[in-house]
Amino acid sequence: MKGRKSMVIWLALVGMLCWGIAPIFAKLGLQNVNPATGLVLRTIIAVVLVSTWMGVSGGITQFRQITFHQSILIAAEAILATVVGDLAYFAAIKGGNVSIVSMIMAASPLVTMICAALFLGEPITAWKCLGAGYIVMGIFLLL
């Protein structure tokens with residue numbers, strides 16, 4: 001279990017670095033480009049890369065294991081995160097200060113924490129509340 005937890009932390013750190021660097025490329029790439037057009041291009045590139053990786057690794061066969069209910073849930077996540085959320089993010093990045101937009105967007109775990117408690121029964125601990133308070137305070141300091 002300790003090895004798995006360590007891997008999870010390393011993967012999260014890699015994700016954090018990528019999500020921290022990516023907005024710079026988005027801001028520069030969206031000059032004179034409509035945010036929706038930029039999102040479509042980014043999505044096409046991601047689909048090609050991930051599909052190629054799945055094809056090479058044999059992961060395509062796993063699609064047969066996905067139930068209809070799981071497909072609906074994943075579709076809902078795609079609509080909220082990739083379509084609505086990313087489009088709002090691209091529009092905000094294009095029109096605003098990339099560092100402020102990114103920090104506000106990074107507060108999404110607050111929403112996740114509340115929804116996880118409401119819909120998944122995950123506990124809201126004192127430490128989570130303290131962390132959430134710091135996030136909210138940080139957003140207010142930015143604005």
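The distance from the CG atom of Leu73 to the CZ atom of Phe68 is 10.0 Å, given to the nearest 0.5 Å. Here the straight-line distance linking atom CD of Gln62 with atom CE of Met54 works out to 6.0 Å at 0.5 Å rounding. To the nearest 0.5 Å, the span separating CD1 on Ile66 from CD1 on Ile72 amounts to 12.0 Å. Distance CZ/Phe119 to CD1/Ile114: 11.0 Å, rounded to 0.5 Å. Interatomic distance, CD1 of Ile60 versus OG of Ser51, reported as 6.0 Å (0.5 Å rounding).
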Next on the checklist: The test is side-chain contact (heavy atoms from CB on, under 4.5 Å); show your working for Leu87 and Val83 and say whether it passes.
Outcome noted: CA-CA 6 Å; Leu87 189 55; Val83 178; 5.5 Å; no
Item to check | Stepwise side-chain contact (heavy atoms from CB on, under 4.5 Å) test for Ser102 and Ile93 | outcome: CA-CA 8 Å; Ser102 292; Ile93 287 271; 4.2 Å; yes
Next on the checklist: Applying side-chain contact (heavy atoms from CB on, under 4.5 Å) to Phe25 and Ile21, what does each step give before you reach the verdict?
Outcome noted: CA-CA 7 Å; Phe25 292 105; Ile21 296 167; 3.5 Å; yes
Under 3.5 Å, sequence neighbours excluded: what are the donor-acceptor pairs made by side chains of residues 31-49?
residue : atom : partner : partner atom : Å
Asn34   : OD1  : Ala36   : N            : 2.6
Arg42   : NH2  : Asp86   : OD2          : 2.2
Thr43   : OG1  : Leu39   : O            : 2.7

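In Met7, the CE atom is not crowded: 12 or fewer heavy atoms of neighbouring residues, nucleotides or ligands sit closer than 6.0 Å.
In this structure, Met105 is not a member of the same hydrophobic cluster as Ile135, with clusters built from ILVMFWY side-chain heavy atoms closer than 4.5 Å. When hydrophobic clusters are built by joining Ile, Leu, Val, Met, Phe, Trp and Tyr residues whose side-chain heavy atoms come closer than 4.5 Å, directly or via intermediates, Phe140 is grouped together with Ile100. No chain of hydrophobic side-chain contacts below 4.5 Å, direct or via other Ile, Leu, Val, Met, Phe, Trp or Tyr residues, connects Ile74 to Phe63. Cluster annotation: Val136 and Ile139 are assigned to the same hydrophobic cluster (Ile/Leu/Val/Met/Phe/Trp/Tyr, side-chain heavy-atom contacts under 4.5 Å, transitive). Cluster membership check: Tyr89 shares its hydrophobic cluster with Val98, using side-chain heavy-atom separations under 4.5 Å among Ile, Leu, Val, Met, Phe, Trp and Tyr.
The shortest heavy-atom contact between Pro123 and Lys128 is O-NZ, 2.8 Å. A pairwise comparison of heavy atoms in Gln70 and Gln65 identifies OE1-O, 3.7 Å as the closest pair.
Pairs of residues two or more places apart, or lying in two chains, never qualify as salt bridge (charged side-chain N to carboxylate O under 4.0 Å, His left out) while including a residue from residues 15-32.
Side-chain contact between Pro23 and Val101: absent, with no pair of heavy atoms (C-beta onward) separated by less than 4.5 Å.
Applying the side-chain contact (heavy atoms from CB on, under 4.5 Å) rule to Ser99 yields the partners Asn97, Met103; only residues at least two apart in sequence or on another chain are considered.
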